[in-house]
Colleague: 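Pasting in a structure now, in structure tokens, and then I'll have a few things to ask.
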Amino acid sequence: MKRRHFLHLSASSLFAPYAGAAGGRAMPDFSWLDARLRERVDNGWFDGMGLTIGRGGRILHEAYVGDGGPDVVRHVASTGKWTAAATIAALVDEGRLRWDDPVRAWLPQFTDGKGDATLRQLLSHTAGYPDYQPEGRRRDDYPTLEEAVAHIVDLPAAARPGEVFQYGGLAMQVAGRMAEIAAGQPFDAIFQSRIAGPLGMRHSGYTPVSTEPGFSPMLGGSLFTTTRDYGRFLMMIARRGMADGRRILSTHAIAALEANRVRGAAVKRGEYVELARQDVARTDVYGLGLWREEVDLLSSPGWAGAYAWVDRTNDVWGVVIAKANVGKAVADGYSTFLGSSIYAPMVRTALEEARDTRTRRSLVSIGGGRLYVEESGGGAPIIFLHGHGFDRRQWAPQVRAFERSHRVIRYDLRGYGRSSQPVEGKPFLHADDVRRLMDALGIRRAHLVGLSLGGFVVTDFIALYPDRALSATMAGGDLFDVPGPDEPWTVDAIARRRGEIAALKASGIAPFKRRWLDDLVSHGGSGREALRRPLWRMIDEWPAWQPLHVEPRLLLGRSVKGRLTAARPAMPVLVVRGDQERIDLAITGLLPQAEVTILPDCGHVSNLEQAAAFTATLRRFLVRA
């Protein structure tokens, strides 16, 4: 496969250097994000992808994969809504339009309630217009806004202005036509003269309008651009309207674009912010032409994989320019719209890691794979093992608590996070990976702490290597009644599994991940909703290799009982359960020395839901151990 990958970093003029773990200079490491782009191209979902990340007016990082390149032009669908709204904001700056202008002031043919909607409502999807042309009518791919508006006038309103938030494209067409009349120019000419030209966006424009399904209407879908062009636009937005010492938009215009414009309009369940960030309570989800994923995280995702954002909390911006092979992506269960939601959080993680002077990071080779490992502190070693669908970040509260007194090690199990993926038909055991990791790190014995999947791994480990464990803690997982490697996959079982995989792809990976999250949260205690966002950050970035493949037998499963009986491990053992989860303490019959703690008002993910109580329980146990 043809692939190009370019990288540009120039730290000295970008920002104050971060201190590394050894006191040196540490740049943010974006290679994990690059790897995710490569994975998506290798899967055939995209022919190429381009990524630019910046701070203020400078570039932090660029990467291009497949046939991507800095000046490769692609249509970006709804990612063009942001630039369209900014173009209209320039006319408001000039006094040619006002945000509260009603439609009928410029288009008197709108004689019904749609004429009462304001320019502000048109660009915030609260104007009460239908989202797209109804079935049986031509898709809104008209070459001019005048024609598009002529086919919107007679449509019945979907709601009264300001009543409902309904994301779509038709209302923006009307806003664009108002701009054309006010400026006396076609919309693309307004864009070129106010935004693209001053910013040097030489490869960007709105005309000709794309006739491809999904890349129209004009303002809502027909922008074509490049990675560097859109990066220039985001530089200007990030600097609140300034570019190369020249003001492009006023600070008032930037504030107008970014403020909550949904106001009292009803927001139905399942809108983008809820799906992307699992924030079910917020209704202030949209500004003008952009999503308010968080109050200070602004974005413009496109249905075919492009995504632009400005993270004001971290003073960083970024854009991915890509155009999916939608048929292939959908066949594999990948959401071309929601799949971009991982980029901004991954950049945040890279920035957080660059500021973290306490953590040592490495990739450790172990028997056919590589494990991503983080270490901090010093003293007796503790190895934390995460749950299914999670990664090493699950243990953040305990890491900070124990690194003052212990050498704390947490890593991504193979198939999760930044570690390498398994291969169908090539078996290994997670417990063997733990032993190999200990050998590579020069650790003879360690305290092992695991939750859920990690708890099963701890049980396997003490059955196989009892002399290597100082103590064992299993939370929400210890005995797993599934076939182990001594029960190989049969032809019939593989065929059934292939059918399950096909069904999962047909229903989509994104809904599968949301169901997994909902199940975890719903079985928690009274504070369970606080789990939703931190769990989602890991689950959203989870590659989901396991549900999409015939997974090798990576746990001992049912055979662990016989192994434990034979090994008779004598190290101290702690079993932790939340009182809201299914409590099965069969493990205590095999490990009579085990202590059992039931945490009140708590479900399966006890170390996060009741972090303080879990940490205190573990600390008391380790002191005794």
Side-chain angles (χ1 to χ4, degrees), residues 75-92 97-103 106-107 110 114-134 139-153 155 157-159 161-162 164-183 186-188 190-191 194-195 205-207 209-210 214-225 233 253 256-258 261-262 265 271-272 285-292 298-303 306 308:
H75 279 97
V76 295
S78 290
T79 305
K81 285 182 168 67
W82 199 344
T83 47
T87 301
I88 293 174
L91 297 185
V92 174
L97 284 170
R98 296 179 303 165
W99 293 120
D100 291 321
D101 281 351
V103 170
W106 297 93
L107 298 166
F110 282 84
K114 298 196 302 296
D116 296 331
T118 66
L119 180 63
R120 191 192 315 271
Q121 291 169 331
L122 294 171
L123 293 174
S124 62
H125 308 292
T126 61
Y129 283 52
D131 46 7
Y132 298 104
Q133 286 287 352
R139 187 177 68 248
D140 189 22
D141 58 2
Y142 298 97
T144 69
L145 287 173
E146 185 175 13
E147 291 175 85
V149 167
H151 290 83
I152 296 171
V153 171
L155 293 177
V164 175
F165 174 82
Q166 186 164 337
Y167 185 73
L170 295 189
M172 292 191 74
Q173 300 287 71
V174 177
R177 182 59 182 153
M178 292 169 64
E180 289 185 333
I181 295 170
F187 188 80
D188 188 61
I190 305 171
F191 171 68
R194 271 77 170 183
I195 302 295
Y206 282 88
T207 57
V209 174
S210 176
F215 295 97
S216 57
M218 183 189 291
L219 267 68
S222 274
L223 176 72
F224 56 86
T225 189
F233 172 75
L257 293 172
E258 298 179 4
R261 297 304 176 188
V262 176
E271 288 289 3
Y272 174 75
V285 296
Y286 208 81
L288 300 177
L290 58 88
W291 290 96
R292 289 162 48 89
L298 315 162
S299 74
S300 191
W303 81 280

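On a predicted model such as this, the values are computed, not experimentally measured, just so you know. Side chains included, hydrogens not; waters and symmetry mates left out as well; all remaining heavy atoms used.
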Colleague: To the nearest 0.5 Å, tell me how far L119 CG sits from L288 CG.
Modeller: 8.0 Å

Colleague: Are any side-chain N or O atoms of S300 and backbone N or O atoms of T79, one a donor and one an acceptor, separated by less than 3.5 Å?
Modeller: yes

Colleague: Sub-3.5 Å donor-acceptor pair from the side chain of K114 to the main-chain atoms of V103, do we have one?
Modeller: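 A pair under 3.5 Å: no.
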
Colleague: Is any side-chain heavy atom of K81 closer than 4.5 Å to a side-chain heavy atom of L123?
Modeller: no

Colleague: Mind checking whether L107 and I181 have side chains closer than 4.5 Å, heavy atoms only?
Modeller: yes

Colleague: Name all residues meeting the ring pair (Phe, Tyr, Trp, His ring centres under 6.0 Å) criterion together with Y142; count only those two or more places apart in sequence or in a different chain, and write none if there are none.
Modeller: H151

Colleague: Locate the shortest heavy-atom distance separating A183 from I190; write the atom from each residue and the value.
Modeller: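 A183 and I190 have their closest heavy atoms at CB-CD1, 3.8 Å.
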
Colleague: Where the side chain of R292 meets the backbone of E258, is there a donor-acceptor pair that is under 3.5 Å apart?
Modeller: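 Yes: the side chain of R292 pairs with the backbone of E258.
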
Colleague: Measure across I88 and A179 and return the closest heavy-atom pair with its distance rounded to 0.1 Å.
Modeller: CG1-CB, 4.1 Å

Colleague: Just verifying a value: how many Å separate F110 CZ and R177 CZ, rounded to the nearest 0.5 Å?
Modeller: 11.0 Å

Colleague: Quick check for you: to the nearest 0.5 Å, what is the distance between D101 atom CG and R120 atom CZ?
Modeller: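 Nearest 0.5 Å value for the CG-CZ distance: 10.0 Å.
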
Colleague: Nearest 0.5 angstrom please: I152 CD1 to Y129 OH, how far?
Modeller: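 The distance works out to 8.0 Å.
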
Colleague: To the nearest 0.5 Å, tell me how far T87 OG1 sits from R194 CZ.
Modeller: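 These two atoms lie 9.5 Å from each other.
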
Colleague: Between the side chain of Y167 and the main-chain N/O of H125, is any donor-acceptor distance below 3.5 Å?
Modeller: no

Colleague: Report yes if the distance between the aromatic ring centroids of F165 and W291 is under 6.0 Å, otherwise no.
Modeller: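 That pair passes the under 6.0 Å test.
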
Colleague: Kindly say whether A256 contributes a backbone atom to a donor-acceptor pair with the side chain of R261 at under 3.5 angstrom?
Modeller: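 Such a contact is found between R261 side chain and A256 backbone.
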
Colleague: Mind listing the closest non-hydrogen atom pair of Y132 and P217 along with its distance?
Modeller: CE2-CD, 4.2 Å

Colleague: Contact between L170 and P130 at the side-chain level, heavy atoms closer than 4.5 Å - yes or no?
Modeller: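 Yes, close enough: below the 4.5 Å cut-off.
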
Colleague: Please answer whether the main-chain N or O of G221 pairs with a side-chain N or O of S78 as donor and acceptor at a distance below 3.5 Å.
Modeller: no

Colleague: Between the side chains of R98 and D100, is the shortest nitrogen-to-carboxylate-oxygen separation below 4.0 Å, so that they form an ion pair?
Modeller: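 The answer is no: the pair does not qualify as a salt bridge.
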
Colleague: Going by the rule side-chain hydrogen bond (donor to acceptor under 3.5 Å, both in side chains), which residues pair with E146 if we only count those two or more places apart in sequence or in a different chain?
Modeller: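 If we apply the side-chain hydrogen bond (donor to acceptor under 3.5 Å, both in side chains) test to E146, skipping adjacent residues, there are no hits.
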
Colleague: Considering non-hydrogen atoms only, spot the tightest contact between Q173 and V149 and give its length.
Modeller: O-CG2, 3.9 Å

Colleague: For the pair W82 and F233, name the ring-plane relationship: parallel under 30°, tilted 30 to 60°, perpendicular over 60°.
Modeller: perpendicular

Colleague: Using the test side-chain hydrogen bond (donor to acceptor under 3.5 Å, both in side chains), find all partners of T83 that sit at least two apart in sequence or belong to another chain.
Modeller: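 For T83, the residues satisfying side-chain hydrogen bond (donor to acceptor under 3.5 Å, both in side chains) (neighbours in sequence not counted) are Y206.
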
Colleague: Rounded to the nearest 0.5 Å, how far apart are CE of M218 and CG of D188?
Modeller: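 So the CE of M218 and the CG of D188 are separated by 7.5 Å.
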
Colleague: What's the shortest heavy-atom distance between P102 and G115, and which atoms?
Modeller: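 Smallest heavy-atom distance, with atoms named: CB-O, 3.8 Å.
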
Colleague: If you take all heavy atoms of L155 and P134, which pair is closest and at what distance?
Modeller: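 For L155 and P134, the tightest heavy-atom pair comes out as CD2-CD, 3.8 Å.
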
Colleague: Quick one: does E180's side chain get under 4.5 Å of T144's, heavy atoms only?
Modeller: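 SC-SC contact between E180 and T144 ruled out.
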
Colleague: Given side chains that start at C-beta, do those of S210 and S216 come closer than 4.5 Å, heavy atoms only?
Modeller: no

Colleague: Apply side-chain contact (heavy atoms from CB on, under 4.5 Å) to residues V92 and W99 and explain how you reach the verdict.
Modeller: CA-CA 7 Å; V92 174; W99 293 120; 3.6 Å; yes

